[in-house]
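Some notes on the structure that comes next.
The basis for the numbers below is simple: all heavy atoms, side chains too, and nothing from hydrogens, waters or symmetry mates. The residues of the chain are indexed from 1 along the displayed sequence.
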Amino acid sequence: MSENVVHLHKNTDPPADNVTTLTVVPDAPPARPVPLWVRSGRAVKAAATHETTRATVRAAARHGLYTFNGGRIVARRAWDGRTGSRYERMIRAAEAAGNLEAAQEWEERLQRFRAARHHRRMDLLHSPVDAAKGVAVGAGMSIGVLVALGVVMAISTGHVGDVVTPLSATIDFIALLIRIVQIVWGPALTIGPFLALLALWSVGRKQHAAPNWALPANVRSGEGEPITPSIVVKALRDLGVPALARAIKEMGDAGASMLGPIRIAGCGVEVDVTLPSGVSTNEVQAKRRKLAENLTRHEHEVFITIPQAARTVRLWVADSGALDEPIGPSPLVTDDTMTADYTKGKAPWGQDLRGDAAALSLYQRHLLITGLSNQGKTVALRSLALWLSLDRSVQFLMGDLKGAGDWAMFDGLATTLIQGPTDEHVIQVTEMVEGAVDEMNRRLQAPPGTVFPPLIVLVDEAQVAFMCPAKGTGKDKRPYGGAKADSRYFMAVRKIHNQGRAVNVLMWQGTQDPTNENLPKLVREGAHTRASLALGTESQARMALGDKAVDGGAAPNLLRPGLDRGTLVVASDGISIPAGQSSITVRTHYIDDDAATAITDRAKALRDGVTTLHAIDRSVEHDPLADIAAVVGDAPRVRTKDVLARLSARNGDAYGDWSFLDLKRVLDDADASPYKSDGVMVVSRDRVARALANRDGEGSASAE
């Protein structure tokens, strides 16, 4: 029988299986030393791949290749100049393009070149003898002249020895030249090769004759990349026109014969491209964006037009970012002495893309400017009116159907100035234009040879008039707006377009966002000068400029709204357009309101004073003598024909048919007869005022 023994004390020894064993970890072995050749390799690699090293290597390679390839370019040019290789390349290229006429022409040029070269070589057989004879004769004549000069000196001085003095001086001068050459010859031989290398480097640098990786960063990335023949040909080859790409590959000169000279044109370059057979110009025009990107440009920096030459497109490529730079101020602002000449002068409007001044003739030309809202239409139209206001003979009838004060500076300069957007303002403007029609009819019925002052009928925001729903009251229910034969505004504009220019009555209109409803076809086609700022669609561009201009490359719909504010495309015979083109792009000068006010102040100083009407009111009874006093204004005297014109503009119904005899009758009855001053008949302000005072005094006396 076993017994359980119970221990009464605690065993403090831990059990064997709970004993923690401490392990000593030895230190890691020291890292193996990196060999010296590895460290050196890493240092060399870091130095070789550093950006400074890369830039240095690229610069060294670039400038070395500039010199080497510059020598190749010069050698190639010299070879082309001495041989007929250039002509042979052109012949092969013309044959590849299917242009047999051009190939024949180049072959004829090659024959003429060979004949001229043969003639020069034959002349070399006789040239040594001719040169020896020439030297002998020249030397003999020179010695004879010197001896003769010495004889004259000897006779003058009385010394026989002076006979050889000129000859001796000439010999001393030749000896001096020989000494100078001996001194300069050594350094010239040393410096000459360096100058030659510098010239070759300059040629290579201008042609960027180095691989793309060695070129500067701005050129290598394409930003501001210069336009060279190879770049243009490559851009055309990659345009996505199969026939064009095949023709370029088959050309012996890789397509260079397609290109005319690349000419600097303002802030860009211009080049004519003769397309090969089977490629039409509209295929290139339709890919303007892709062509621009191939040339490392934005779409708005490339313009494609169609010159007169067959199968030819003209490319104008702007310098990168150049079109975003503003042009200078208008000469109207900078030249306080400038005046205008309606008949022979041209308005300074801005600059074309070539950087040349763009000036517009306004003589007997109706004008239409359109575009999207807030693109600079009013400023462009106003700048023309500002220039013309400096011709004191020009009269203005103005209607601003926006009413924002853009034309307020013409108050006191225009005969009529109506400002406001309401239907009532449209009615007033319509009656103003109808009054101009009455004046036109009066002028047309004047005796042959009569000269009339220019009358500019200007309506800004004309789309408001065309869209006006107002109709006449009483028996006349005709609408003021619309594009039908019963529209009063439409018919008045059409009448001026039909016959106004013959008697210097001209219609200027500014509209926005053209449609067939707010700019009828007959009205837009009646303008001789048509200009458009940025538009939304090609159909609007055709409305603004016509099919001919758009088919010829005009593309206001490709201008950037907001960014190209003030840039417009012009179709007119009043502005210089490159031969073969139907339009030109103009960047107009910006004239702000303060500068415009200063210009109109100068224009007012040239005139005798104009009383501006702000409304047309034919319902009141007219007073001829009072109306004459009103149109004479503050001027001491005004020519009778100007008085008649102002009366007609003031109230066409009452005075539209007046002649000089009618005016003379009223003034004679009032003892204010017109008289001659400087050979012309004038009306005196003082006489008219005195006649009015006497009449009013008599009326007061009779009333008493």
Side-chain angles (χ1 to χ4, degrees), residues 366-386 388 396-411 414 416-436 456-470 479-483 487-494 496-497 506-524 526-527 529-536 540 543-545 556 561-562 565-566 568 588 590-593 596 612-616:
H366 302 303
L367 176 66
L368 172 65
I369 299 181
T370 187
L372 297 178
S373 177
N374 196 30
Q375 298 304 308
K377 166 183 55 63
T378 296
V379 173
L381 182 61
R382 189 176 66 182
S383 64
L384 298 177
L386 289 172
L388 201 55
F396 292 97
L397 302 177
M398 291 185 169
D400 175 16
L401 294 177
K402 180 167 35 178
D406 293 331
W407 298 88
M409 66 285 302
F410 281 85
D411 192 356
T416 301
L417 176 59
I418 299 170
Q419 303 179 88
T422 67
D423 290 349
E424 181 59 31
H425 291 101
V426 172
I427 294 172
Q428 294 284 334
V429 168
T430 301
E431 293 177 348
M432 178 191 75
V433 179
E434 290 175 339
I456 306 300
V457 186
L458 188 152
V459 179
D460 195 12
E461 306 296 342
Q463 76 279 355
V464 177
F466 287 112
M467 300 297 290
C468 178
Y480 287 90
S487 168
R488 293 180 60 176
Y489 180 79
F490 171 76
M491 289 306 299
V493 173
R494 286 292 299 144
I496 295 178
H497 278 176
L506 303 176
M507 192 75 209
W508 290 11
Q509 295 184 99
T511 70
Q512 62 176 254
D513 202 7
T515 64
N516 285 322
E517 288 73 27
N518 64 25
L519 186 58
K521 179 178 181 181
L522 292 178
V523 170
R524 61 184 186 245
T529 295
R530 301 166 68 174
S532 176
L533 294 109
L535 288 173
Q540 287 183 313
M543 292 180 189
L545 301 176
R565 184 180 290 112
L568 45 76
T588 58
Y590 176 72
I591 302 177
D592 59 26
D593 291 347
T612 299
L613 302 179
H614 297 279
I616 306 296

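Tyr480 OH to Thr430 OG1: the interatomic distance, rounded to the nearest 0.5 Å, is 7.0 Å. In this structure, CE on Met507 lies 10.5 Å from CG on Leu367, to the nearest 0.5 angstrom. With rounding to the nearest 0.5 angstrom, the CG atom of Asp411 is 11.0 Å from the CE atom of Met398. Taken from CZ in Arg382 to CG in Asp406, the straight-line distance is 6.0 Å, to the nearest 0.5 Å. The CG atom of Leu417 sits 9.5 Å away from atom CH2 of Trp407, with the distance rounded to the nearest 0.5 Å. Taking CG from Asp460 and CG from Asp400, the interatomic distance works out to 5.5 Å, rounded to the nearest 0.5 Å.
Using a 4.5 Å heavy-atom cutoff, the side chains of Leu372 and Lys377 are not in contact. Annotation: side chain of Glu461 is not in contact with side chain of Thr511 (no heavy-atom distance under 4.5 Å). Looking only at side-chain heavy atoms (C-beta outward), Val457 and Trp508 stay at 4.5 Å or farther from each other. Considering only heavy atoms from C-beta on, Arg530 comes within 4.5 Å of Arg524 through its side chain. Side-chain contact between Val459 and Leu401 is present, with at least one heavy-atom pair separated by less than 4.5 Å. Side-chain contact between Phe410 and Leu458: absent, with no pair of heavy atoms (C-beta onward) separated by less than 4.5 Å. Taking the side chain as every heavy atom from C-beta outward, Lys402 and Pro421 never approach each other to under 4.5 Å. When side chains are defined from C-beta on, Asp513 counts as touching Gln540, because their heavy atoms get closer than 4.5 Å.
Evaluated for a side chain to side chain contact (heavy atoms under 4.5 Å, CB included) with Pro556, the options Leu533, Thr370, Leu568, Leu545 yield exactly one hit, Leu545.
A donor and an acceptor atom, one from each side chain of Gln512 and Asn518, are nowhere located under 3.5 Å apart.
Of all non-hydrogen atoms in Met432 and Gly399, the two that sit nearest each other are CE-N, 3.9 Å. Closest non-hydrogen pair, Thr588 versus Gly566, comes out as OG1-O, 2.6 Å. Among all heavy-atom pairs drawn from Gly482 and Ser487, the shortest one is O-OG, 3.2 Å. Residues Leu368 and Ala527 share a closest heavy-atom pair of CB-CB, 3.7 Å. Here the shortest heavy-atom pairing between Leu522 and Arg494 reads O-NH1, 3.2 Å.
In this structure, His425 contributes its side chain and Gln419 its backbone to a donor-acceptor pair below 3.5 Å.
Ring pair Phe490/Phe466 is perpendicular by interplanar angle, where above 60° counts as perpendicular and below 30° as parallel.
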Worked verdict on Val464 versus Val426 for side-chain contact (heavy atoms from CB on, under 4.5 Å): CA-CA 7 Å; Val464 177; Val426 172; 3.9 Å; yes
